[in-house]
Amino acid sequence: MGLGFAVKVLGKEGLKSNDSRRWQSDPRLSVSIGYLHRIFDYLQESGITMYRISSEIAPYITHPDFPQFHRQLDECEEELACLGLRARELGLRLSMHPSQYIVLNSPDERIYASAVRDFVYHARFLDLMGLGPEAVIVTHGGGVYGDKTAAIQRFVERYKRLPENVRARLVLENDEKNYTVPDIVQAHEQCGVPLVLDNLHHRLNNPNGLGYREVAQECLRTWQTDVTPKVHFSSARTEARTVNRRNRKTGEVTQVQAAPLPSQHSDWVDADEFVEFLEATAGIRDYDVMLEQKQKDLALLKLRADLAQRGITTR
DNA sequence: CGATGTCAAGGAATC
DNA sequence: GATTCCTTGACATCG
């Protein structure tokens, strides 16, 4: 089982995950690629084999108002091939996760069109790196718009019409508000999209009270036999945090103990909870785990150590 | 330098 | 139909 983390590196100073300057400063994908090389160095040093690349890696590349950014992939073909070669040498499993604004099933044709543009850019980015089918693009079901069946149907029809290289990488994850595991299973049955199980989202959005084993069985079987399935795992924050709250009228700032929202990610993985998940899903099929904790790579390394103490080894 | 405001983008709830 | 929240981190701006 491989363990991965998302985007931001905390274990080493000065590692940026993308060129995040504003458009006025002419940010560039080539700068981001340089950052990724440094991150790959760190992954190699720390023995981490899975990583989610920032979706902001190519700044403004699909922004309708800034055509000067739209050709960045063409400009960086060689650099991307070189970066991808390195990723393969290091045995990295890479992935991407477009932002919440990318909604394939929106009834608004313009939003649909921009979602396709964004997926096309993500897929081409991974293609230019020469990565295999394990390098997936994760998305959510989108909005419900008052009729979930119709909304799922729209996702399915549009998925079928995506370019082949996008369909080869796009995978669907259950979310904490709209699309449950049974909902995304319905989408899979109609278009074949592989499914990513997110344990925390499942805990928050599980009206039928399904157990980890049954939802894992449903999701893991949706992946081709030659690609290792991926799940998302995170422990929820349970402790209250001290937050500064500003009074709207007076501007006065007071410190308040904020109860955790059930959907907030905790700093660290609860190893007991993780083992519980492992045991619940044992024997179904091998899978990789993308961790989504606040402490990012540090949480991964701590979990790896905690698991090793229990005799469980991870990549 | 620290504090605060802003950011390209959607959806849903609220009025 | 318009406004606000959701949630997030880093950049930009202001004092």
Side-chain angles (χ1 to χ4, degrees), chain A residues 5-10 13-29 31-32 35 39 52-70 72 96-122 137 139-148 150-152 154-155 158 173-179 183 198 200-201 204-205 232 234 236-237 241-255 258-267 292-298:
Chain A
F5 72 100
V7 183
K8 195 180 171 189
V9 177
L10 299 182
E13 281 293 297
L15 290 184
K16 295 187 172 190
S17 34
N18 62 295
D19 186 353
S20 57
R21 293 172 297 168
R22 300 288 161 86
W23 63 268
Q24 294 90 335
S25 310
D26 198 32
R28 285 290 137 182
L29 170 59
V31 173
S32 291
Y35 294 163
I39 289 177
R52 180 191 297 165
I53 296 173
S54 167
S55 280
E56 315 294 310
I57 200 76
Y60 299 94
I61 191 160
T62 56
H63 195 300
D65 298 340
F66 299 111
Q68 69 270 33
F69 293 108
H70 292 184
Q72 289 178 90
M96 300 179 91
H97 196 343
S99 82
Q100 61 175 123
Y101 299 105
I102 305 308
V103 184
L104 187 64
N105 78 338
S106 174
D108 186 329
E109 292 287 331
R110 291 164 300 182
I111 293 165
Y112 165 43
S114 70
V116 173
R117 266 199 303 280
D118 213 74
F119 288 144
V120 164
Y121 133 65
H122 279 87
I137 302 163
T139 190
H140 291 291
V144 171
Y145 317 100
D147 184 345
K148 189 183 273 186
I152 293 175
R154 213 160 41 240
F155 178 96
R158 289 172 175 183
E173 178 192 352
N174 62 310
D175 67 74
E176 79 265 37
K177 277 217 165 68
N178 298 331
Y179 292 93
D183 292 334
D198 183 300
L200 184 54
H201 293 163
L204 296 165
N205 189 8
H232 288 180
S234 48
R237 178 181 295 283
R241 278 187 308 174
T242 307
V243 172
N244 290 324
R245 182 167 299 162
R246 168 180 291 270
N247 183 306
R248 291 242 172 147
K249 291 206 176 84
T250 64
E252 181 189 9
V253 176
T254 49
Q255 294 215 321
L261 293 172
S263 59
Q264 282 177 336
H265 293 174
S266 159
D267 285 348
E292 298 186 316
Q293 304 296 156
K294 294 275 179 234
Q295 293 295 321
K296 305 289 181 184
D297 49 318
L298 299 178

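The sequence lines fix the lettering, A, B, ..., with proteins before strands; numbering per chain opens at 1.
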Engineer: Now, which nucleotide makes the Watson-Crick or G-U wobble pair with B:dG11, with each of the two distances under 3.5 Å?
Structural biologist: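 B:dG11 is paired with C:dC5.
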Engineer: Rounded to whole angstrom units, what separation is found between the NE2 atom of A:His97 and the P atom of C:dT7?
Structural biologist: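 After rounding, the gap between these two atoms is 15 Å.
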Engineer: Describe the nucleic acid contact of A:Lys177 in one word from base, sugar-phosphate, nothing, applying a heavy-atom distance below 4.0 Å.
Structural biologist: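 Nothing, no nucleic acid heavy atom in range.
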Engineer: May I ask you to say whether A:Arg154 pairs ionically with A:Glu109, meaning some side-chain N is under 4.0 Å from a carboxylate O?
Structural biologist: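 No, no charged N to carboxylate O under 4.0 Å.
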Engineer: Using the P atom as the point on both nucleotides, what is the distance between B:dA8 and C:dG1, in whole Å?
Structural biologist: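 After rounding to an integer number of Å, I get 27 Å for this pair.
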Engineer: Give the rounded distance in Å between these two atoms: OH of A:Tyr179 and C1' of B:dG11.
Structural biologist: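 Rounded to whole Å, this separation is 11 Å.
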Engineer: Could a donor-acceptor pair under 3.5 angstrom be found where the side chain of A:Glu56 meets the base of B:dA9?
Structural biologist: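 Pair found.
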Engineer: Would you say B:dA9 has OP1 or OP2 under 4.0 Å from some side-chain N or O of A:Ser55?
Structural biologist: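 No, A:Ser55 has no side-chain N/O under 4.0 Å of OP1/OP2 on B:dA9.
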Engineer: Is the phosphate of C:dT8, meaning OP1 or OP2, less than 4.0 Å from a side-chain N or O of A:Lys296?
Structural biologist: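 So the side chain of A:Lys296 is outside the cut-off, no N or O lying under 4.0 Å from OP1 or OP2 of C:dT8.
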Engineer: Can you confirm whether more than 12 heavy atoms, excluding those of A:Gln24, are under 6.0 Å from its CD atom?
Structural biologist: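 Check passes, neighbour count above 12.
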Engineer: Tell me the interatomic distance from A:Asp19, atom CG, to B:dC7, atom C1', rounded to whole angstroms.
Structural biologist: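 Rounded to the whole Å, the gap is 15 Å.
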Engineer: Scan every strand shown for a Watson-Crick or G-U wobble partner of B:dT4, both distances under 3.5 Å, and answer none if you come up empty.
Structural biologist: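 In the structure as shown, B:dT4 has C:dA12 as its Watson-Crick or wobble partner.
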Engineer: Reckon A:Lys8 has a side-chain N or O less than 4.0 Å from the OP1 or OP2 of C:dT8?
Structural biologist: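 Checking A:Lys8 against C:dT8: no side-chain N or O falls below 4.0 Å of OP1 or OP2.
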Engineer: When the distance from CD1 of A:Ile102 to C1' of B:dG10 is rounded to whole Å, what number comes out?
Structural biologist: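 Computing the A:Ile102:CD1 to B:dG10:C1' distance gives 9 Å.
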Engineer: Could you pull out all residues at least two apart from A:Lys16 that satisfy side-chain contact (heavy atoms from CB on, under 4.5 Å)?
Structural biologist: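 side-chain contact (heavy atoms from CB on, under 4.5 Å) list for A:Lys16, sorted by chain: A:Tyr35.
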Engineer: Within this structure, what is the OH-to-C1' distance between A:Tyr35 and C:dA10, rounded to whole angstrom?
Structural biologist: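 Answer to the nearest Å: 12 Å.
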Engineer: In whole Å, what separates the P atom of C:dA10 from that of B:dG11?
Structural biologist: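 Per the computed distance, 26 Å lies between those P atoms.
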Engineer: Roughly how many Å is it from CZ in A:Phe66 to P in B:dA8, rounded to a whole number?
Structural biologist: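 So the two atoms are 7 Å apart, to the nearest Å.
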Engineer: With a 4.0 Å limit, can you tell me whether A:Ser20 has a side-chain N or O closer than that to the phosphate oxygens OP1/OP2 of C:dA10?
Structural biologist: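 Answer is no, no contact under 4.0 Å.
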Engineer: How many Å lie between CZ on A:Phe155 and C1' on B:dG10, as a whole number?
Structural biologist: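 Rounded to the whole Å, the gap is 16 Å.
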Engineer: Give a yes/no on whether any side-chain N or O of A:Ser106 is located under 4.0 angstrom from OP1 or OP2 of B:dG11.
Structural biologist: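 Affirmative; the distance criterion is met.
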Engineer: Can you find a donor-acceptor N/O pair under 3.5 angstrom joining the side chain of A:Arg21 to the base of C:dC11?
Structural biologist: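 Under the 3.5 Å cut-off, the side chain and the base do not form any donor-acceptor pair.
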Engineer: Can you tell me how far OG of A:Ser55 sits from NE2 of A:His122, rounded to the nearest 0.5 angstrom?
Structural biologist: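 Here the rounded value is 3.0 Å.
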Engineer: From the set B:dG10, B:dA12, C:dA10, return the single nucleotide nearest to any side-chain atom of A:Asn178.
Structural biologist: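 Nearest nucleotide to the side chain: B:dA12.
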Engineer: Quote, to the nearest angstrom, the P distance that separates C:dT4 from B:dG5.
Structural biologist: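 Here C:dT4 and B:dG5 have their P atoms 15 Å from each other.
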Engineer: Can you tell me if A:Lys177 has over 12 outside heavy atoms packed within less than 6.0 Å of its NZ?
Structural biologist: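 Check fails, neighbour count at 12 or below.
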Engineer: Would you say A:Tyr121 and A:Ile57 make side-chain contact, with heavy atoms under 4.5 Å?
Structural biologist: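 A side-chain contact under 4.5 Å exists here.
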Engineer: It should be established whether A:Tyr101 places a side-chain nitrogen or oxygen under 4.0 Å from OP1 or OP2 of nucleotide B:dA8.
Structural biologist: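 Checking B:dA8 against A:Tyr101, no side-chain N or O comes under 4.0 Å of OP1 or OP2.
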Engineer: Categorize A:Ser114 for me: base, sugar-phosphate, or nothing, with a 4.0 angstrom heavy-atom threshold over every strand shown.
Structural biologist: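 If one applies the 4.0 Å heavy-atom cut-off, A:Ser114 turns out to touch nothing in the nucleic acid.
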Engineer: Looking at the side chain of A:Arg22, which of B:dA8, B:dA9, C:dC11 is the nearest nucleotide?
Structural biologist: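 Minimum distance to the A:Arg22 side chain belongs to C:dC11.
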Engineer: Expressed in angstrom and rounded to an integer, what is the separation of A:Asn18 atom CG from C:dC11 atom P?
Structural biologist: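 Taking atom P of C:dC11 as the reference, CG of A:Asn18 is at 9 Å.
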Engineer: Base, sugar-phosphate, or nothing for A:Tyr145, non-hydrogen atoms under 4.0 angstrom?
Structural biologist: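 If one applies the 4.0 Å heavy-atom cut-off, A:Tyr145 turns out to touch the sugar-phosphate alone, with no base involved.
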